[in-house]
Amino acid sequence: MGFLEWLQTTPPALFVAETLWAYPLFETLHTIGMTLLVGALGLVNLRVLGFKRELPVVGTLDFLPLAWLGFTLNLISGLALFSSDAVYFWSSITFRVKLTLILLGGINAFLLGQSVFREARAGYAVAAGPGVRLVAASSLLFWFGAIAAGRLIAYLP
Amino acid sequence: MELFTWLETTAVANAIRTIPWIYPTLETAHYIGLALLVGGILLTDLRLLGFAAKLPLKSMLGLLWFVWAGFAINVASGTLIFIYGAAQFSGNPAFRVKMVLMLLAGINAFIFTRAAAGDGERWIASGHVPPAIKLVATASVILWLGVVTAGRWMAYV
């Protein structure tokens with residue numbers, strides 16, 4: 001028996017799969033977490049791209065804990081949903097695309113953290129160069145792409 | 001109701017039912033709209049409640065057009081999805097709760113708009129948000145998270 005087969009027979013996975021309210025509850029938390037994560041990171045990325053220059057970049061970074069809260073919520077709820085039907089989800093190409101987009105979004109957030117966030121926190125007025133802007137723009141594509149892929153798991157192979 | 005049964009027989013409903021990619025596309029649009037709408041509202045509400053105080057309130061309120069874009073996407077996609085399954089959706093308890101919460105959220109937003117247009121000039125510029133407005137912002141967070149929750153439970157009740 002492989003890892004995924006084992007995972008979906010563990011008590012927590014069976015609980016999510018078999019309890020009437022558990023699956024929708026975790027789906028709801030996953031949707032709320034998504035809103036927090038993409039809402040907060042969306043604002044930060046848009047600001048880095050040059051929207052709303054009256055908003056100081058360092059001020060938008062105050063919303064990053066909200067993004068972390070959303071990420072944590074979605075890691076936990078996502079693991080719960082995944083474990084309930086692990087073999088199916090892992091076999092889905094759309095699910096793997098979603099994971100890849102999240103990974104890319106995470107790498108981009110890390111890159112911004114090492115560059116523009118650091119400058120903003122050090123008190124500099126940030127004017128993002130083309131490289132940083134590319135990172136911010138692709139972040140928006142990755143996160144909204146992840147939402148789309150997540151929604152389409154039920155419909156695509 | 002007659003009207004809802006009739007809606008399901010319209011050409012629009014028929015197209016959504018028979019063309020395979022339309023329904024998943026509408027759902028995906030509804031989720032992207034949700035991220036813009038609720039993400040934008042939550043950030044604005046949190047700023048009104050005192051989070052990210054470095055961000056000028058006036059500029060934050062200038063982001064509300066993202067919220068309107070999300071709202072427009074979701075009214076359009078939501079209406080089409082409703083037409084497709086009008087008889088079933090209209091009798092769904094979670095859908096009814098969602099509509100009531102949206103109505104309350106709309107009234108709440110109207111109260112905020114009126115207050116901002118009234119003596120708003122003063123507290124928006126100073127950033128000292130009156131307690132009554134903070135109450136409106138808190139209600140907004142609760143109502144919109146309720147809308148998301150009720151929407152997710154529609155498939156399960």
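Just so it is clear: chains get the letters A, B, ... in the order the sequence lines come, proteins before strands, and each one is counted from 1. Any value given below was found using the heavy atoms of this structure, including those in side chains, with hydrogens, waters and symmetry copies removed.
Ranked by heavy-atom pairs shorter than 4.5 Å toward chain A, the options B:S59, B:G39, B:A35 are led by B:S59. Interface summary for chain B: among A:L20, A:T31, A:V38, the most heavy-atom pairs under 4.5 angstrom belong to A:T31. Note on A:A154, A:G59, A:G39: by heavy-atom pairs under 4.5 Å with chain B, the leading option is A:G59. The candidate with the highest count of non-hydrogen atom pairs below 4.5 Å against chain A, out of B:P20, B:A52, B:A155, B:A53, is B:A52.
Summarising the geometry, atom CZ belonging to A:F144 is positioned 13.0 Å from atom OG1 belonging to B:T28; distances are rounded to the nearest 0.5 Å. Atom CG of A:L61 sits about 8.0 Å away from atom NZ of B:K54, to the nearest 0.5 Å. The line from NZ of A:K52 to CG of B:L55 is 11.5 Å long, rounded to the nearest 0.5 Å. For the atom pair CZ of B:R152 and CZ of A:F26, the computed distance is 13.5 Å after rounding to the nearest 0.5 Å. The CG atom of A:L43 sits 5.5 Å away from the CE atom of B:M60 when rounded to the nearest 0.5 Å.
For A:F110, the CZ atom sits in a loose shell: 12 or fewer heavy atoms of surrounding residues, nucleotides or ligands are nearer than 6.0 Å. With a 6.0 Å radius and a threshold of 12 heavy atoms from other residues, nucleotides or ligands, A:Y124 has its OH atom at or below the threshold. Atom CZ of B:F51 is surrounded by 12 or fewer heavy atoms from other residues, nucleotides or ligands within 6.0 Å. By the 6.0 Å contact criterion, CD1 on B:I107 is enclosed, its count of non-hydrogen atoms from other residues, nucleotides or ligands being greater than 12. Surrounding CZ of A:F71 are at most 12 heavy atoms belonging to other residues, nucleotides or ligands under 6.0 Å away.
Contact of the A:F63 side chain with the B:L42 side chain is not registered, since no non-hydrogen atoms from C-beta on lie closer than 4.5 Å. At a threshold of 4.5 Å between non-hydrogen side-chain atoms, the residues B:L37 and A:T35 do not count as touching.
Both the backbone and the side chain of B:I32 have a heavy atom closer than 4.5 Å to some heavy atom of chain A. Neither the backbone nor the side chain of A:W143 comes within less than 4.5 Å of any heavy atom in chain B. Heavy-atom distances place no part of A:L156 under 4.5 Å from chain B, backbone and side chain included. For A:L37, no part sits under 4.5 Å from any heavy atom of chain B, backbone or side chain. For B:Y31, the parts lying under 4.5 angstrom from a heavy atom of chain A are both the backbone and the side chain. For chain A, the nearby parts of B:L63 are the backbone and the side chain; heavy atoms of each come within less than 4.5 Å.
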Problem - Stepwise side-chain contact (heavy atoms from CB on, under 4.5 Å) test for B:L43 and A:L66 - result: CA-CA 9 Å; B:L43 294 180; A:L66 197 67; 3.7 Å; yes

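At a heavy-atom cut-off of under 4.5 Å, chain A is reached by no residue from residues 113-127 of chain B.
In the hydrophobic cluster analysis, where Ile, Leu, Val, Met, Phe, Trp and Tyr join through side-chain heavy atoms closer than 4.5 angstrom, A:W90 is grouped together with A:L81. A single hydrophobic cluster is not seen to contain both A:W21 and A:I76; linkage of ILVMFWY side chains at heavy-atom distances under 4.5 Å, directly or through other members, places them apart. By the criterion of side-chain heavy atoms lying less than 4.5 angstrom apart, applied directly or through intervening Ile, Leu, Val, Met, Phe, Trp or Tyr residues, A:M34 is not grouped with A:L101; the two fall into different hydrophobic clusters. Note on B:I111: it does not cluster hydrophobically with B:L135, by side-chain heavy-atom contacts below 4.5 Å among ILVMFWY residues. Connection of A:V58 to A:F117 is not established within any shared hydrophobic cluster, with ILVMFWY side chains joined at heavy-atom distances below 4.5 Å, either directly or through further cluster members.
Ring geometry for B:F66 versus A:F51: interplanar angle over 60°, hence perpendicular rather than tilted (30 to 60°).
By the side-chain contact (heavy atoms from CB on, under 4.5 Å) test, B:V97 is found to be paired with B:L101, B:A150, residues two or more places apart in sequence or in another chain being considered.
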